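Below is one structure, written out as C-alpha cells; the observations come after it.
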Amino acid sequence: MAPLFLLLLLPALDAARTKPNVVLLMADDLGIGDPGCYGNKTLRTPNIDRLAREGVKLTQHLVPTPLCTPSRAAFMTGRYPVRSGMASRSQVGVFLFTACSGGLPSSEVTFAQLLKDRGYSTALVGKWHVGVHCHNKTDFCHHPLRHGFESFYGISTTNMRDCKPGAGTVFSRAFRWLVFVPLQALGVTLLMLGALRFLGLVLVPPALFILLALLAAAILLLFLAFLRYFRPLNCFLMRNFDVVQRPFTYHNLTQGLVDEATQFIQRNTQTPFLLFLSFLQVHTALFSSPAFTNRSHHGAYGDAAEEMDWAVGRILDALDRLGLANDTLVYFTSDHGAHVEEVTPRGEVHGGSNGMFRGGKANTWEGGIRVPGLVRWPGVLRPGLEVDEPTSTMDVFPTLAALAGAPLPRDRIIDGRDLMPLLRGEIARSEHEFLFHYCNSYLNAVRWHPKNSTSIWKAFYFTPNFSPPGSNGCHDTHVCLCHGRHVTRHDPPLLFDLSRDPRELTPLTPATEPRFHAVLRAMAQAAQRHKDTVPRHVTNQLSMGHLLWKPWLQL
Ligand SMILES: *[C@@H]1O[C@H](CO)[C@@H](O)[C@H](O)[C@H]1NC(C)=O
Ligand SMILES: *[C@@H]1O[C@H](CO)[C@@H](O)[C@H](O)[C@H]1NC(C)=O
Ligand SMILES: *[C@@H]1O[C@H](CO)[C@@H](O)[C@H](O)[C@H]1NC(C)=O
Ligand SMILES: *[C@@H]1O[C@H](CO)[C@@H](O)[C@H](O)[C@H]1NC(C)=O
Ligand SMILES: *[C@@H]1O[C@H](CO)[C@@H](O)[C@H](O)[C@H]1NC(C)=O
Ligand SMILES: *[C@@H]1O[C@H](CO)[C@@H](O)[C@H](O)[C@H]1NC(C)=O
C-alpha cells in the first residue's frame with residue numbers, strides 16, 4: 001500500500017516544486033546599453049546587475065517588433081502581433097488615446113490567463129497599453145481584468161510627454177498638418193481676398209469672410225481644447241475598473257507602483273502568484289521622485305533609470321524578506337530598444353543607450369530589437385550563466401505555461417519556445433532556427449541561425465531612411481516609419497552575419513560571402529512558409545477607426 005501511495009504522491013510533489021512564483025519586470029524603452037551588467041559603467045543599476053549575477057543573462061534576447069503596443073501584445077500571448085491584428089498598417093503603430101476602440105482581442109490567451117486557470121494569483125502593476133474598450137465605456141473588453149489579471153493598478157495607455165506640463169508633445173506632426181498648416185492657409189486666403197476686395201478687383205461676398213474666419217476660429221478652439229484636456233483625459237491611474245488619480249502625479253508614481261507590487265507579494269505568500277510589474281520608466285516624459293532627481297551622471301534619463309533600478313531592488317528585497325526568493329522566477333526585460341531620437345530642443349538626451357548596436361526603438365536594426373533579458377531562479381538556474389543563442393520575449397509565454405503545468409492552447413500557433421531547457425543548460429542550441437522581425441505589420445527582416453553553424457544571418461527586405469542622412473535614427477519623424485518613402489527596399493535583401501558583424505556595418509555580397517545566394521534562398525523560403533501561417537483576414541486593431549479618440553469611450 002505504502003509504495004503505491006508514494007508513487008501517486010510523487011508527481012504531485014514534483015509539480016508543486018516546479019510551480020514557482022513568477023515576477024516579470026518590464027522596462028519601457030530601456031536600451032540594452034543601459035544596465036551595468038550589459039556593459040554600462042556610468043549608469044548605476046546595482047539591482048538589475050544583481051539579477052544577472054544571481055541568474056542567467058541572455059545576450060541575444062529579441063522582441064518581435066520594436067514598438068510598445070505590438071511588442072507587449074506579443075509578449076503576453078507568445079505570438080507575432082500580426083496574428084492577433086495588433087500590428088498597424090499605417091504610420092501610427094501604438095494606441096495614443098485611452099478612449100480608442102482597438103486592443104488585444106478577447107480571443108487571445110495571455111500567460112496571465114493560463115496561470116490563473118492553474119490556480120495562480122495574478123496581478124498587473126504599471127503600464128498596459130493594449131486597449132481598454134470596444135463599443136461602450138462599460139464593456140472594458142480589452143482591459144487587463146479581461147485578460148487573466150485578477151487585479152490591475154496602473155495606467156491603461158502609456159506615459160507620454162503630453163502628460164507632464166512643459167515636457168513637450170508627441171503630436172507635433174499631427175498638429176502641423178491638422179492645425180498650423182490649415183490655419184496658415186486660411187490666413188493667407190483671408191488676406192488675399194481682403195486685398196482683392198480692397199482693390200475692388202473681385203466682388204467677395206462678406207459671408208465668405210465670416211465663414212473662413214469661423215473655420216479658423218474653430219480649428220484654433222479645438223486645438224486649445226485638446227491641449228487643455230489631453231492630460232485629464234489620458235493621464236490617469238486606475239485600480240481595476242476605476243480611475244483613482246487624474247491626472248497622475250509623477251513625484252511618487254514609482255513608489256506607488258512598488259507599494260502596490262510588494263503588497264501583492266505579501267498577500268500571496270501561501271499561493272503561487274504571477275506579478276507583472278510593467279514600469280512607466282524610462283519612457284518620456286521622464287520623471288523621478290525628489291530622492292533620485294539630479295543624482296545620476298546622465299541627466300533626467302539617468303535619474304529615471306536609476307529610480308527604476310531602485311524599484312527592482314525593492315521587489316527583490318520583498319522576496320528575500322518573505323523567504324520567497326528560492327521559489328520565485330524573476331525575469332527582467334525591456335519592451336524594445338532605447339528611443340535614440342528622444343533629444344529635447346535644448347539638446348538634452350532623453351533616450352537611452354543601445355550600446356554598440358545600430359538603430360533603436362521603431363526600427364529592426366539590432367538596437368531596436370535586442371533587449372536586456374535576465375532570468376533568476378536560485379537553486380534551479382546557474383548563477384552567472386550567459387546564453388548567447390537567439391531567444392525571444394515571446395518565449396516567456398510557453399515557458400510559464402510549462403512551469404505552471406498548463407497545456408498550450410492547441411487551436412493557434414504559438415511562436416515562442418520554452419526557455420527552460422536552454423536556461424538550465426540542458427540544451428546548447430536555441431530552438432529558434434528562424435525569427436522574424438516586424439516593423440508594424442510589415443515583415444522587415446529575417447534571422448537565421450542554421451542548426452549546423454555558428455552564423456546568425458540577418459536579411460533586411462527594407463531599411464528605414466535615417467534622417468538627417470548619416471545619423472543613427474529618424475530624427476525628422478521622431479520615430480522611424482515602416483513604408484513608402486520612409487524606407488529603402490532591398491532586392492537582393494541586405495545580408496549580415498551577426499556572429500561576425502554584430503553592429504551591422506558591412507552588408508555581405510556574393511564576392512565577400514560565397515554562400516550569399518544559398519543563404520538568401522533558404523531565408524526567403526522560411527519567410528514564405530511563415531507568411532503562409534499568418535491569417536489574412538484578422539481584424540486590424542490599429543486601424544485609423546480603432547485608433548481615433550471616441551468621446552463615448554472616455555472614462
Ligand atoms: C456595452 O456593451 C456590452 C457588450 O457589447 C453590452 O452587453 C452592454 O449592455 C453595453 N452597455 C451599455 C450601457 O450600453
Ligand atoms: C502621491 O501624492 C499624491 C499627492 O500629491 C497623493 O494624492 C497620492 O496618494 C500619493 N500616492 C502615493 C502612492 O503615495
Ligand atoms: C534639479 O536641478 C534643477 C536644475 O539645476 C533644479 O531646478 C531642480 O530644483 C533640482 N531638483 C531637485 C529635486 O533637486
Ligand atoms: C550608459 O547609459 C547612458 C544613459 O543611457 C548613456 O548615455 C551612456 O552612453 C551609456 N554608456 C555606455 C558605455 O553605453
Ligand atoms: C536558496 O537556494 C540557494 C541555492 O540553492 C541555497 O544556497 C539557499 O540556502 C536557499 N535559501 C533558502 C532560504 O532556502
Ligand atoms: C548545414 O546544413 C545544410 C543543409 O541542412 C547544408 O546545406 C550546409 O552545407 C550545412 N552547412 C555546414 C557548414 O555544414
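Given the structure is predicted, the values throughout are model-derived calculations rather than measurements. Whatever order the structure lists ligands and atoms in, that order sets their numbers, starting from 1.
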G33: numbered ligand 4 atoms lying under 4.0 Å from its heavy atoms
1 (C), 14 (O)
Looking at ligand 4, would K41 count as a contact under a 4.0 Å heavy-atom criterion?
no
Please list, in number order, the atoms of ligand 4 under 4.0 Å from a heavy atom of N40.
1 (C), 2 (O), 3 (C), 8 (C), 10 (C), 11 (N), 12 (C), 14 (O)
Going by distance only, is there an N or O of D139 that falls short of 3.5 Å from an N or O of ligand 1?
no
Here the atoms of ligand 4 under 4.0 Å from any heavy atom belonging to Y301 are 4 (C), 5 (O)
Chain-and-number sorted residues having a heavy-atom contact under 4.0 Å with ligand 5 are N326, G379
Per the salt bridge (Lys or Arg N to Asp or Glu O under 4.0 Å) rule, what does the pair list look like for residues 117-141, sequence neighbours excluded?
D28-K127
Answer yes if the ring centres of F75 and F276 are under 6.0 angstrom apart, and no otherwise.
yes
Centre of Y250's six-membered ring, under 6.0 Å away, within 45 degrees of the axis: is that where NZ or CZ of K164 sits?
yes
Please confirm whether G352 comes under 4.0 Å of ligand 4, counting heavy atoms of the residue only.
yes
From the options R50, K57, R53, select the one residue that forms a side-chain contact (heavy atoms from CB on, under 4.5 Å) with R376.
R50
Is C439 close enough to C480 that their SG atoms are under 2.5 Å apart?
no
For ligand 1, which atoms sit closer than 4.0 Å to a heavy atom of N136?
1 (C), 2 (O), 3 (C), 8 (C), 10 (C), 11 (N), 12 (C), 14 (O)
At less than 4.0 angstrom from any non-hydrogen atom of D34, what atoms of ligand 4 do you find?
2 (O), 4 (C), 5 (O)
Aromatic rings W365 and F460: how do their planes relate, parallel, tilted or perpendicular, breaks at 30° and 60°?
tilted
Run the salt-bridge test on D309 and R44 with the 4.0 Å N-O cut-off and return the result as yes or no.
no
K458 and E366 ion-paired at < 4.0 Å
yes
How far apart are the closest heavy atoms of T506 and D501, and which atoms are they?
N-OD2, 2.9 Å
Treating H147 as the side-chain partner and L104 as the backbone partner, does any N or O pair qualify as donor plus acceptor under 3.5 Å?
yes
